[in-house]
Amino acid sequence: MGHVNLPASKRNGRQWRLLDIVSAAIFGLVFLFFLLVFTRLGDSLAASGRQTLLLSNADPRQRQRIIELVEAGQKQAIEACPADAVDHMPCEDPRRNSQLSREMNYYRERHCPPPDETPLCLIPPPDEYKIPVQWPESLHKIWHSNMPHNKIADRKGHQGWMKQEGPYFIFPGGGTMFPDGAVQYIEKLGQYIPIKGGTLRTALDMGCGVASFGGYMLAEDILTVSFAPRDSHKAQIQFALERGVPAFVAMLGTQKLPFPAFSFDLVHCSRCLIPFTAYNATYFIEVDRLLRPGGFLVISGPPVQWPKQDKEWSDLQSVARALCYELIAVDGNTVIWKKPARDSCFPNQNEFGIGLCSESDDPNRAWYVKLNRCVSWMSSAKEELSVGTIPKWPDRLAKTPARAGFVKNGLDVFEADSRRWERRVSYYKKSLKLKLGTPAVRNVMDMNGFFGGFAAAIKSDPVWVMNVVPSHKAPTLAAIYDRGLIGVYHDWCEPFSTYPRSYDFIHVSGIESLVIYPGSDKNRCNLVDLIVEVDRILRPEGTVVIRDHPEVIERVIRIARAIRWTATIHEKEPGSQARENILVATKSFWKLP
């Protein structure tokens, strides 16, 4: 007791030294915590640790040796990746990309590692993974164990996004701007735009969350491509795909989205928080490029009549007027505009300095192309492409699209291609007994989509098809969209922008053409890497169908054995003049020990 009342100078010096040390240690720990959590150093350290783990089996010489053994048919198995790689996306690894610039969200875009720095291993499923719930039940519930990420449910459950109930995640169908459900929200939009009747077919949902908007638009025969970045919500696109809704990972940052011009009848943003007027309205200009003439733009949430965002809302309206958009309605925090069907009032004087692109600009180029700061000429789109003029769905599926003319003799080639795929799909179902048309298949990819003939031939099946048009091939993706189908540009020498275990069924005709230079037999990249990437995005017990020359199929089956696929080779369908065989493979359902 007496010690407490001593002057400070008389207190025990040893006690002070101990307190100083403890205080300094606590301060140092707090400082380190803030340094790691709130600065790029923490991101860099996390990225470094992650990279070290993933590259543990990626020594370039050893990697090349394994590839050579696999291609030679030696008994060389490709090993499993580590357990923490279950959700790995090579080009959208946030811990790797966090070291990049934040300007215009550059760090959230695709940034792929060089092939020799990509681990040559098979992505394992989560420990408690189950075969996914089948469509249409999957729209409303999925297995929690397949993606046990509770962050969205915890943060957004009160807005109707999703919640956990027992072994399932349940999706009530809500969203931040439609907590009472997407159905009611879509009905409200139907008061202003032609939701029903087939006038609208293709839609783009930006910053889609768990894609309830796109999921419930399917009931109106409107096929919506939903996209969002891999961000703090971590798994929103993964949830969308597990639900059986068309989706992929993307970021509207510094580059064009991987779609041709005038692809979508409707573009939708529900609290997507895209700064449409920033950078001289660059993001609004990109939306304009993608929106079909006469199409509709819907923005719900900030800044539309939003508190303390009067200037942002005023600027958004100014950009729309500058681009000659017709204001259809402002309903609460939702605004609806209609794009003009032709270059009616443009160019004009506007505060954003927006002008027309040069006539030499190709608005359909969109694979690793910087965003335009000019508006694409609509005269480059024939008048029959406009909403209200282009045939309604489903008539537009069979009609030869005007943009088939991008290919030499495209109109004749289109008709022959359609007949060919009707014949081939009939053979797949009747003779090869593939699972197409059964509840086991919902998410389908065609890796070499051309005119979308394969997708059109399975139109009556309860599926959606992601038609991939390789970026180095003929630009046929515009014709696919004109048919009322969907797809993206992609280069198969890089990983695809989706999570592991995204697709039930993957189809490719001419797989070798995806890895060689056009008109050459020289490789651009490696067939083993491509097949391992197919394995990454295919679900356990999923099906792969590959058509190609017999010698290519022999190479593929050697790779298939090294990655635990069960594969058989079949003759081509009767009447085919092509020199090819068909490989049908099933991915085995394996788990880490």
Side-chain angles (χ1 to χ4, degrees), residues 110 201-205 223-227 246-250 252 255-267 286-293 295 361-369 371-372 376 378 380-382 384-385 387 390 393 396-411 413-414 417-418 421 444-459 464-494 496-498 503 506-510 513-514 518:
R110 286 175 57 87
R201 169 59 179 173
T202 55
L204 180 68
D205 190 16
L223 193 56
T224 304
V225 179
S226 300
F227 81 87
F248 82 118
V249 175
L252 187 52
Q255 297 175 339
K256 293 181 179 181
L257 293 171
F259 311 111
F262 318 128
S263 293
F264 299 100
D265 306 325
L266 169 69
V267 174
E286 173 65 357
V287 169
D288 179 78
R289 181 184 74 87
L290 298 174
L291 190 58
R292 193 179 293 278
D361 175 73
D362 181 1
N364 294 299
R365 289 184 59 249
W367 181 247
Y368 288 132
V369 176
L371 285 169
N372 278 346
S376 302
M378 280 188 286
S380 65
K382 298 181 184 295
E384 61 260 36
L385 298 183
V387 172
I390 192 169
W393 179 263
R396 70 167 81 170
L397 180 66
K399 180 177 170 58
T400 304
R403 291 193 281 184
F406 287 177
V407 176
K408 184 179 180 181
N409 301 321
L411 303 185
V413 172
F414 174 84
D417 186 70
S418 298
W421 281 109
V444 178
M445 173 182 282
D446 188 351
M447 295 173 59
N448 194 10
F450 194 47
F451 281 135
F454 170 70
I458 58 174
K459 59 184 179 296
W464 64 273
V465 182
M466 180 64 80
N467 293 282
V468 181
V469 172
S471 58
H472 66 287
K473 291 198 170 191
T476 54
L477 189 54
I480 287 174
Y481 273 95
D482 292 346
R483 301 187 72 180
L485 304 172
I486 59 173
V488 294
Y489 295 121
H490 183 66
D491 183 348
W492 283 111
C493 285
E494 296 181 1
F496 192 74
S497 287
T498 195
Y503 290 91
I506 297 178
H507 180 274
V508 55
S509 178
S513 70
L514 306 182

Compare every heavy atom of [Y] with every heavy atom of [X], then report the nearest pair and how far apart it is.
| X | Y | result |
| --- | --- | --- |
| Arg483 | Ser418 | NH2-OG, 3.9 Å |
| Ala247 | Trp464 | N-CH2, 4.1 Å |
| Asn372 | Lys256 | ND2-NZ, 3.6 Å |
| Ala402 | Leu385 | CB-CD2, 4.5 Å |
| Pro470 | Leu514 | CG-CD2, 3.6 Å |
| Ser513 | Asn448 | OG-ND2, 3.7 Å |

Problem - Results of side-chain hydrogen bond (donor to acceptor under 3.5 Å, both in side chains) for Asp205 - residues two or more places apart only - result: His268
Handout entry: Under the side-chain hydrogen bond (donor to acceptor under 3.5 Å, both in side chains) test, residues paired with Ser226 that sit two or more places apart
Key =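 side-chain hydrogen bond (donor to acceptor under 3.5 Å, both in side chains) list for Ser226, sorted by chain: empty.
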Are any of the side-chain heavy atoms of [X] and [Y] separated by less than 4.5 Å?
| X | Y | value |
| --- | --- | --- |
| His472 | Cys493 | no |
| Pro258 | Phe227 | no |
| Val444 | His507 | no |
| Pro246 | Leu223 | yes |
| Ile390 | Arg201 | no |
| Leu252 | Leu371 | yes |
| Trp367 | His490 | yes |
| Arg396 | Asp482 | no |

Please round to the nearest 0.5 Å and tell me the distance separating atom [atom1] of [X] and atom [atom2] of [Y].
| X | Y | atom1 | atom2 | result |
| --- | --- | --- | --- | --- |
| Asn467 | Leu485 | CG | CG | 6.0 Å |
| Asp446 | Ile458 | CG | CD1 | 8.5 Å |
| Lys473 | Trp492 | NZ | CH2 | 12.5 Å |
| Ile480 | Ser263 | CD1 | OG | 10.0 Å |

Problem - Electrostatic pair Asp265-Arg292, nearest N-O below 4.0 angstrom - result: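 Judged by the 4.0 Å cut-off on N to carboxylate O distance, Asp265 and Arg292 do form a salt bridge.
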Problem - Short N-O contact, Asp361 and Arg289, less than 4.0 angstrom - result: no
Practice task
Over 60° means perpendicular and under 30° means parallel, so classify the ring planes of Phe248 and Phe496, tilted if in between.
Solution key: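 Geometry flag for Phe248 against Phe496: tilted rings.
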Exercise for the section: Please collect all salt bridge (charged side-chain N to carboxylate O under 4.0 Å, His left out) contacts where either partner lies in residues 448-459, sequence neighbours excluded, each pair once. Expected result: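 Residue pairs passing salt bridge (charged side-chain N to carboxylate O under 4.0 Å, His left out), neighbours aside: Glu422-Lys459.
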Exercise for the section: Please name the residue in the list Val469, Thr400, Leu477, Val407 that meets the side-chain contact (heavy atoms from CB on, under 4.5 Å) test with Phe451. Expected result: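 In the set Val469, Thr400, Leu477, Val407, the residue that makes a side-chain contact (heavy atoms from CB on, under 4.5 Å) with Phe451 is Val407.
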Handout entry: Ring center gap for Tyr481 and Phe262 short of 6.0 angstrom
Key =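 Ring centres of Phe262 and Tyr481 not closer than 6.0 Å.
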